[in-house]
Every structure is written in structure tokens, then in C-alpha cells.
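Below is one structure, written out as C-alpha cells, with a few remarks after it.
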Amino acid sequence: MAWRQGRFVRTGGVLALCVVLGALAWGGPVGAQSTVQSRGRSLVIVQAQDPQNWDPIATFLLSWGMVGCNVFDGLVDRGPDLVIRPGLATSWKWISNDVLQFKLRRGVTFHDGEPFNADAVKFTFDRLLGPEGAKGPQQGNYKSIDHAQVVDPYTVNFVMKEQDPVIITKLAGYGGMIVPPKYVQEHGSAYFGANPVGTGPFKFVEYRKDDHLTLAANANYWGGAPKLSAVTYRIVPEAATRVAELQAGRADVAQGVPVAQANVVKNDGNLALLTVGSPTVTEIRFDPSKAPAGDVRFRKAVIAGIDVQTIIQTILGGYGRRVSTFQSPLSFGNDASMKPYPYDPTQAKQLLAEAGVKPGTEVVLSFPSNNADFREAAQAMVSYLQAIGLKLTLQPVEQVTYFSDTIPHAKTGQIYEFGWGGWTLDFDNTANLLYHKGEFWNPVFSDADVEKYLTQERTTNDQKTRLTAFLGLDHRLYDLAIDFPLWQQINLWGANKRVQGFVAPPDDRVRLLAVSVK
Amino acid sequence: MGGALAVLAAITLFVAFGIRLTGDPAVALFEGAGAPSMQDIQRMHRAFGTDRPFLVQYVGFAGEALRGNLGTSFRSGQPVSGLIMERAGPTLALAVGGMIVALTVAFPLGIYAAMHRNALADFLIRVASLLGLSFPNFWLGIMLILILAVRLRWLPPSGYSGPVSLVLPCLTLGVILASTLVRLVRASLLDTLGQPYIRTARAKGMPERTVIVRHGLRNALLPVVTFIGLQFGGLLGGVVILENVFAWPGLGQLALGAVSYRDYPVVQGVVVVLALGVVAVNLLVDLRYGLLNPRVRVG
């Protein structure tokens, strides 16, 4: 019995200490606001990730956009309202079927004093489309451009290689940010990646990798001087630590507040919780080459057998929105009138019986192992599917292996998780890369009608024709039930109440020009 | 020396081969925001040099590494040696600081517990050490942040800004290390105190203090030092997690980021440096034995 008692004492001790620590940890800090005020007009943002390279052509990470949108400008700009407006170009038009002409803003200079003009635009796109761009992931997005051509110092023509109805939006993307030719040539790309220079409202001051990056206001910004004096972005990977920094008053804005801590932020008198629907959507895809997923009745049975709304309410704390196709409501091509298939376990069982799927049939669900929310949702799905007579086995796979080997080589189970940013907010990108036969992440599925709609939307710049094609595509995909769209992600931000004019951006591009502090 | 080189070659070969089996750095850079086309992937592999056969890549890496050049990061475009240099300082500070906290806590408590075996103090020290062992690193870290930084506001919650920011992470690491160490010091000292030469020392009429410190502790140190040396590798594992919790810009975060993006040159570079560190520490430990215990002096 001795060891039993010993264990009891030990367990009791651990519990007691937990209670004491918990009691001490309970409650908010004292005097956090004085720390905040001592910073004056400079702002501190805590973000989860350091892209390691601030060169616009080197990354796709949202954490780049958080900073990059304040340092760089593109020819066009997409703000938090997601509407395209003039940036470094004042106007643009198609002067022929394959030539897009931009008139440039005059009197703009880069932070190092270089003038912005047509040569800078040409240099930027030569670099993006050339060997330097080949090292990064952005080049492929702009492959419809053949080259940029200087007409006069303030006029540039983009000569297109192929039709691209989304090109204007893409020019507001990371890869389209204009870079200073002299600076990049003199210092080289490695230096530029750690010491970025652009035309934006804030200019680079210092950077320590995985620690912080500091910007100072650019008083000569063409869009007016910023109200803040400086911004420091601190890299804090652990979400609980980001919230702690916010509570302690050492940060003004925190990205990625975890659902579990939403109420901590909400209930703190000094803080505000902001939520915003993001372009990111999550779904389950079927691999029709693996029985019984080739049968549409089986696919519809799985869809009818899982109560997604309840999963959103319980596991995501309500911070998710049901979607009926694999795009967010922000996406051009989304049919708002469509409703997701309802949860109906009775119908699900009926469909399985019709399809001849025997009770107890094993279904394997693959997903990237680092996605904690989805893992919890998947565990709930096990019991939902058990209720309709399917045995769901979970197969977590390390993220990079998942995307570079498991999916492209069709090594998933009959069903697998897929998450997607949809950054152009146009269904074109998603639809072509995920439903067009033979794409990297679509090794199996193909459908003649789907191909027809994809060709229709891509071969014209007429947005009305494109919308009609997308709506046709939406309904075709819905009827095929080739995927099971789950939810649109809702992002949570925490901000100190002294911050004024902060808008939680759907695409994580936190624009600071109009932000002030009181 | 030959042995150390062989160890290095084996480790780097294993890591370089293993990491190439598990994922593609070109795909990792897309991170779910855009799907790469086959052409995108091929062009990025050409740019990275990963289209060449594995052995060609490895021999190229090893040859350059011998000349002190660890290559260029795929992700940041920066030289790997520079990336490692700027992270080594913070990690070393954390490891040394944590070790100092651990030694300051573990030695007095361990000795005290051994000298008062089975008394209440001994029991309390053992329970405390068990608690320290039971806490997951990150949980203890977050708890200390909530108490000392958020609630009491004595220290900054995270970051790398001056000596004050060292306190919390070193304390966390120190507590975790001390928990094992205190038991080891106690057990090892008790073991030594049972040896015949201790009886002799006592019989000589030596004061108890001298017996414990000069004869007991000195001999008890042998397994403890071995343990600290062996623990060095494990210590680095703990550091990775704590660097993440405390937003510490060290080698752990560099390695973690490099592995999750399959940044081969950085992964290989960090492994070379860490393996060198472990080999060096173990060499030092072996050499110290002679100082501590005349019986293991060779020749």
C-alpha cells in the first residue's frame, strides 16, 4: 500500500500547487495602461510568424502582408474593404486585347530617395519574372504577363502572354509590390530581404530575425503623413504569450487570438476583441478513385451525416461560418443563394443503403497534423459517422509531407482535409488549381462540365460572363458533391482600447496609415 | 578527433537524407495560399539546386562546410552561418542561465536532503522535485508568465530585450533541470556517504563538514557531471519549446522554422553546429573526470 499512498500524496501535491498557481494567475494585471501610455505615438503589434525575408517576391505568408502593406505600394491597392483602388498608378485601361496600360503617380520617391517612375515598374517585373523571381513562390502568379514596357517616364504597358481576368487584383498582391531599382542592384537581394525599402507610409528602421521589426513614419508619403510615429512588430509564436503581452500592456494589437482565450480579451476592460471573416476556407475533399468515394450517394451520405454547424458552435466557439462551395462569401463567383446540404442522418443511412455500402465500412480521413482545430473536429466526425454506420479512421500527416507528397500522389484516404486562402478573392484561382484536371493538388478528379465552365471564365475579361460561368460551376460542383465545404475561418484580433481607427483586415494586411492612439 | 569527424559525417548524412524524404521546400513556400504548378516546382528546384542527385548535393554541402561555408537559406536568402551566429548568443544565454539557476537550486537542496534523509525537509524537497518533473515545459512557462508578468507585472512576459528578459525563461528552464538534478545529487551523495572511505574519514576525526564536502561531494559529483553532459542534448530540446513560448530569437526557433519549411541548408547547418556542441561538451565532461576522481586518471 505504501506506493499507493505515495502516489496519492504526489497527486494531491500537484493538484494543490496547480490550484495555487491558477489562483495567482487569475485576474487581470494592475496598471497595464500606464505601460501602454508610456509608448506615446508608437504602436506595438504582436504577430505569430516571421517570414524571414521581406522581399515581396519571396513569400506567400500573411505575416509578410501584415508588415509589407505598410512598407510597399503596388500599382493598385486593395484595402480592408477589399475594393481595388489606385495605388502607385492613377489609372489603367486595356489599350488592346493583350496590352494593359498604366498611368503612374508623379512625385513619389522611395524611402532611400530614389524616384518612382516607369523604370522602377519595369525593373520590378523584370526581376519578378526573371531568375531572381524563380527562387520564390510568387513568380507563377504573374506568368500571364509577358513583360512590362516603358512608354514614357510615367506610362507603362503590360504586354500579356495569355488572358488573365484577375490580373488587376494580382497586381495588388505581394509579388506586384514596386521595389527600388538602384537600391536592389547596389545591395543585392539578400540585403534587400533583410533591409526592405519601398514607397509606403512607413519606412524600415531595424530587423532582428524571429524577434522584431521596427518601422518609422514616412512623413513624405504620397497619401499623407501617418498619425503614428513608429511601429514595432514583435514575433511571438505562442498564442497564449501574445495575449499575455496584450494584457500586460506591452502590445497594442495582437494577431491570432485563440478561440480559447477570446473571452480573456473580451472581459479585459482595456482591450477589445475584433472579429473578421477571412478568405480562408476549410473543406473535406473526396478522392473518387478510392471506393466507395466514387459513388455520389456515398459522398452525399457523408455530407448529410456530419453536423457541421454544431462542430462550429462547440469546437470553433462559433468563430466559423458555413459555406456551400469552397470559397468564402468574399469571393467573386460565390452564389450567396446556395445553401449547404442539411444535416440529416436518416437520409445519410438511406443513401448508404442505396449505394450498397455495408455498415462498418472503413473510411480514412487524412489531415495535416498541426491543425489542432481540425483534429478536434475530426474526432467529432468519428462519432457522427459511426451513427450512420461508417468506421472513420483518422490519419494525421505532417504538414509539408501532406502537401508535397500525400495529396499530389493521391496517397490520402477516401476523404481528406483541405484549407485554402483564396487570396485573389476571385474563384478563378481556387477553381482552376483544385478542380482542373492534372493540377498539382488535383491528381484525380475531372469532369467535362467543370472544364467547360473553367475555360469560359478564364478566356474573357467580361466580368458578367465570368460570373455566369462561376455560378454554373458552383452548381455543378454542388451536385457532384466532390467536396464537402465546411466553414469560412473567422479571425480574432485583440487590440488595446487606446488604438483608434484599427480595422481588422480579412487578408491580415493591417494598414496603419489612418491608425492613431489616444 | 577522427571519432568526432565520423560522428559529424554520419549525423549530417542522416539528417540531409532524412529531411529530403519527408517533404519539398518548394511546396512548403506556397503554404496553402496558392497551388504550385509542376513548372513552378521544377523552376524552384533548379534555383535551389535540389534537382541534382542527392549524393552530389551532399558532397557539395560537406565540401563547403569543411571550408566553413554552410550555404544559403532557401527561405531568407541569407548565408546560413550568419543566421546561426546571430541566434547562438540568445540560446547560449538561455542555456547557461538555466543551468546556473538549476545548479544554485539543486546543489544546496540535494545536499540538505541527503544530510536529512527521511526527515520532513527531505520529503518536501522530493515532492517539490517531482512537481517540477511533472509540469510540461510550456505549461510551466505560460504559468510563470501569467503570474510574474501579467498578474504581478514584475517582469516582461516575453522577448529578448536586456537582462530582465532573461529571468523568466531561465527560471523556467532552471526549475525543470533542477528537478532531476536535485534527486541525482541527493542519491549520489547518499551512495557516496555509505562508502568505506567516508567511514575512515569520520574515524580519523575529521569534522563532518569536511567529510561531506571534500570526500563525499567530490566523489558524488562524478555521476552528476556525466548527467549534466548527457543532459546537454536534452537541454537543447527543452530550449526549443521555451524559445517558442518566450518568443526568444535563438537556435531552437531557427531550427524549428527551418524544419517546418524544409529549408535544407539551414537544417544541415544547425545540425552541424549542435552536433559539434554536443561532441565538445562530452569531451569536456570526459576530461573533467580526471580532475574530480583520481581513479579515472589515465596514464
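The analysis underlying the following values was restricted to heavy atoms, covering all of them including side chains, and did not include hydrogens, waters or symmetry mates. We name chains A, B, ... by the order of the sequence lines, and we start the count at 1 in each one. The structure displayed is predicted, hence computed values, not measured ones.
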Handout entry: chain A contact residues among residues 67-76 of chain B, heavy-atom distance under 4.5 Å
Key = B:Arg75, B:Ser76

Practice task
Flag the pair B:Leu29 / A:Phe60 as yes when at least one side-chain heavy-atom distance between them is below 4.5 Å, and no otherwise.
Solution key: no

Handout entry: Backbone N/O of B:Glu86 and side chain of A:Arg208: donor-acceptor pair under 3.5 Å
Key = yes

Practice task
Before giving the answer on side-chain contact (heavy atoms from CB on, under 4.5 Å), spell out for A:Glu238 and B:Leu242 the whole-Å C-alpha distance, their side-chain angles and the decisive distance to 0.1 Å.
Solution key: CA-CA 10 Å; A:Glu238 170 58 45; B:Leu242 290 185; over 6 Å; no

Practice task
Using side chain to side chain contact (heavy atoms under 4.5 Å, CB included) as the criterion, list what pairs up with A:Ala194, not counting sequence neighbours.
Solution key: A:Tyr207, B:Gln78

Problem - Side chains of A:Gln52 and B:Asp263 in contact at under 4.5 Å (non-hydrogen atoms) - result: no

Problem - Qualifying residues under side chain to side chain donor-acceptor pair (under 3.5 Å), relative to A:Tyr435, sequence neighbours excluded - result: A:Asp483

Practice task
Let me see the working for B:Arg43 and A:Gln139 under side-chain contact (heavy atoms from CB on, under 4.5 Å), right down to the final yes or no.
Solution key: CA-CA 10 Å; B:Arg43 105 182 124 72; A:Gln139 192 184 72; 2.7 Å; yes

Practice task
State, yes or no, whether a side-chain contact exists between B:Arg87 and A:Lys209 at a heavy-atom distance under 4.5 Å.
Solution key: yes

Practice task
Would you mind reporting whether A:Trp441 and B:Val27 have side-chain heavy atoms less than 4.5 Å apart?
Solution key: yes

Problem - Proximal component of B:Leu21, with respect to chain A [non-hydrogen, under 4.5 Å] - result: neither

Handout entry: B:Met38 side chain reached by A:Phe440 side chain, heavy atoms, under 4.5 Å
Key = yes

Problem - Modelled atom types, side-chain donor and acceptor of A:Arg234 and B:Ser158, under 3.5 Å - result: yes

Completion exercise
Cut-off 4.5 Å, heavy atoms of chain A, and the answer for B:Pro79 is neither

Exercise for the section: Please flag which part of B:Leu148 lies under 4.5 Å from any non-hydrogen atom of chain A: side chain, backbone, both or neither. Expected result: neither

Completion exercise
Most contact-rich option vs chain A, by heavy-atom pairs under 4.5 angstrom, among B:Ser161, B:Ala128, B:Ala47, is B:Ala47

Completion exercise
The interface call for B:Asn244 against chain A, heavy-atom contacts under 4.5 Å, is both

Exercise for the section: Sort B:Phe48 into side chain, backbone, both or neither according to what part of it lies under 4.5 angstrom from a heavy atom of chain A. Expected result: side chain

Side chains of residues 171-180 of chain B: which donor-acceptor partners sit under 3.5 Å, not counting sequence neighbours?
residue: B:Thr172; atom: OG1; partner: B:Leu168; partner atom: O; Å: 2.8
residue: B:Ser179; atom: OG; partner: B:Val175; partner atom: O; Å: 2.7

Handout entry: B:Gly23 to A:Ser404 - nearest heavy-atom pair and separation
Key = CA-OG, 3.3 Å

Exercise for the section: Compare all side-chain heavy atoms of A:Val400 with those of B:Asp24 and state whether any distance is below 4.5 angstrom. Expected result: no

Problem - Sub-4.5 Å side-chain heavy-atom contact between A:Lys143 and B:Ser37 - result: yes

Problem - Side chains of B:Val150 and A:Glu245 in contact at under 4.5 Å (non-hydrogen atoms) - result: no

